[in-house]
Number of protein chains: 2
Amino acid sequence: MKSTIDEDLRAAGHRLTRTRRAVLGVLERTKYPLSASELYERLQKNKVSIDLVTVYRTLTVLRDLGVVAQIELHKEGQARFEIRHGREHHHHIRCQVCGRIADLLLCPLKKLTAFIEKETQFIVNEHTLEFSGLCPKCQ
Amino acid sequence: MKSTIDEDLRAAGHRLTRTRRAVLGVLERTKYPLSASELYERLQKNKVSIDLVTVYRTLTVLRDLGVVAQIELHKEGQARFEIRHGREHHHHIRCQVCGRIADLLLCPLKKLTAFIEKETQFIVNEHTLEFSGLCPKCQ
DNA sequence: ACCTAATTGCAAATCTCTTGCAATTATAAA
DNA sequence: TTTATAATTGCAAGAGATTTGCAATTAGGT
């Protein structure tokens with residue numbers, strides 16, 4: 001997986017540096033999408049000293065290459081990122097009380113996208129579909 | 001419609017002031033969701049002098065009452081608001097080039113929501129479903 | 001080893017949104 | 001209509017997320 005990411009980076013004139021490896025490592029070890037500052041905190045806990053700005057820049061590069069997905073959950077006011085490489089396209093649900101995020105390994109939108117393109121004459125490139133509610137513990 | 005909004009506000013111990021009427025007026029006249037700063041600009045053009053902070057506070061009150069809906073489009077980094085009163089629940093698509101926003105008068109998620117509740121044991125309270133792509137002019 | 005371009009850190013700026021506080025205003029009871 | 005009370009507003013300041021400028025460092029190819 002990292003080998004493919006390396007190739008993707010190189011193909012775009014970028015490098016897979018120690019820093020980027022560390023960022024990717026944290027993302028790979030986490031089972032839910034992380035915000036830049038959460039990622040930064042985890043790097044610090046791992047004794048990896050990387051500036052928050054570098055985290056942002058790294059995430060931008062990886063996102064533009066399609067290596068990570070940028071996710072915006074409802075009313076969060078910050079972006080989250082997760083590894084996309086090798087994972088099925090999916091969505092999320094977040095608990096409005098404790099903030100727990102769970103994956104939803106589904107996407108009902110293939111047919112709908114075609115319909116929308118016909119109706120609106122837009123070309124649909126992306127969609128966000130995120131749910132929020134109460135997790136079992138918080139109900 | 002404004003009469004109902006008035007009732008909703010009063011029922012919650014709030015008032016439908018001149019200021020709030022002006023905010024609602026702009027939202028009613030606009031056919032797509034506005035950000036706080038866009039709303040503020042439009043008020044200024046209408047010679048209505050309302051502080052941006054008041055716009056934010058007004059939108060918060062109206063949103064919490066369910067009078068307006070808060071919408072977050074992909075990679076925008078800001079919230080948008082539109083009147084909900086009397087409108088069907090719906091979604092949006094935004095052009096990645098020119099930013100034009102169109103309504104999508106549909107929602108395919110009723111059945112899916114029930115499915116998600118069964119699968120995850122969450123109670124689903126909200127969802128965001130937004131599309132982005134290229135509008136006819138920008139393709 | 002050398003050159004060039006990519007990467008990083010640090011400081012500072014920007015943008016969106018929130019909070020504190022005092023002044024103003026609406027509403028309802030007296 | 002006067003008064004008391006709570007809601008509303010503006011202004012200044014703060015907080016959080018993200019971006020930009022710039023100089024120093026580093027990786028990779030030649």
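Each chain gets a letter, A, B and so on, in the order the sequences are listed, and its residues count up from 1. Quick caveat, the model's predicted, so the values are computed rather than measured.
- The backbone N or O of B/L104 sits nowhere less than 3.5 Å from a side-chain atom of A/E119 that would complete a donor-acceptor pair.
- Listed for the B/R20 side chain is no donor-acceptor partner under 3.5 Å among the backbone atoms of B/T58.
- Along DNA chain C, the nucleotide closest to B/A36 and the one closest to A/D51 are compared, and the more 5′ of them pairs with A/D51.
- Within the structure, every pair that satisfies the ring pair (Phe, Tyr, Trp, His ring centres under 6.0 Å) test and touches residues 118-139 of chain B, not counting sequence neighbours, is listed here: A/H127-B/F131, A/F131-B/H127, B/H89-B/H127, B/H91-B/H127.
- Within a 6.0 Å sphere centred on NZ of A/K31, other residues, nucleotides and ligands contribute more than 12 heavy atoms.
- The nearest whole Å value for the distance from the CG atom in A/L73 to the C1' atom in D/dA17 is 15 Å.
- Counting any heavy atom pair closer than 4.0 Å across all strands shown, A/T19 reaches sugar-phosphate atoms only and no base atom.
- When the shell of 6.0 Å around NZ of A/K118 is examined, it contains 12 or fewer heavy atoms from other residues, nucleotides or ligands.
- In this structure, the CG atom of B/L9 is 15 Å from the C1' atom of D/dA6, given to the nearest Å.
- Contact annotation for B/L52: no contact, since no heavy-atom pair falls under 4.0 Å across all strands.
- A distance-only check finds no donor-acceptor pair linking the side chain of A/N46 to the backbone of A/V48 [under 3.5 Å].
- Counting heavy atoms from C-beta outward, A/E82 and A/I71 have side chains that approach closer than 4.5 Å.
- Rounded to an integer number of Å, the gap from B/E76 CD to D/dT19 P is 14 Å.
- With A/H85 as the partner, the side-chain contact (heavy atoms from CB on, under 4.5 Å) test is satisfied by one option alone out of A/L24, A/I5, A/L62: A/I5.
- Residue A/Y56 has a polar side-chain atom (N or O) positioned under 4.0 Å from OP1 or OP2 of D/dT18.
- Distance OH (A/Y40) to C1' (D/dG16): 15 Å, rounded to an integer number of Å.
- Protein chain A contacts DNA chain C from C/dA5 to C/dA11, reading 5' to 3' and using non-hydrogen atoms of the protein with a distance under 4.0 Å.
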Tabulate protein N/O versus nucleotide N/O from nucleotides 27-30 of chain D, keeping only pairs under 3.5 Å, one per line.
| unit_1 | atom_1 | unit_2 | atom_2 | d |
| --- | --- | --- | --- | --- |
| D/dA27 | OP1 | A/R18 | NH2 | 3.1 |
| D/dA27 | N3 | A/R15 | NH1 | 3.3 |
| D/dG28 | OP1 | A/R10 | NH2 | 3.1 |

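- Residue-environment remark: CZ (A/R63) exceeds the threshold of 12 foreign heavy atoms within 6.0 Å.
- Whole-Å rounding puts the A/L39 CG to D/dA17 P distance at 13 Å.
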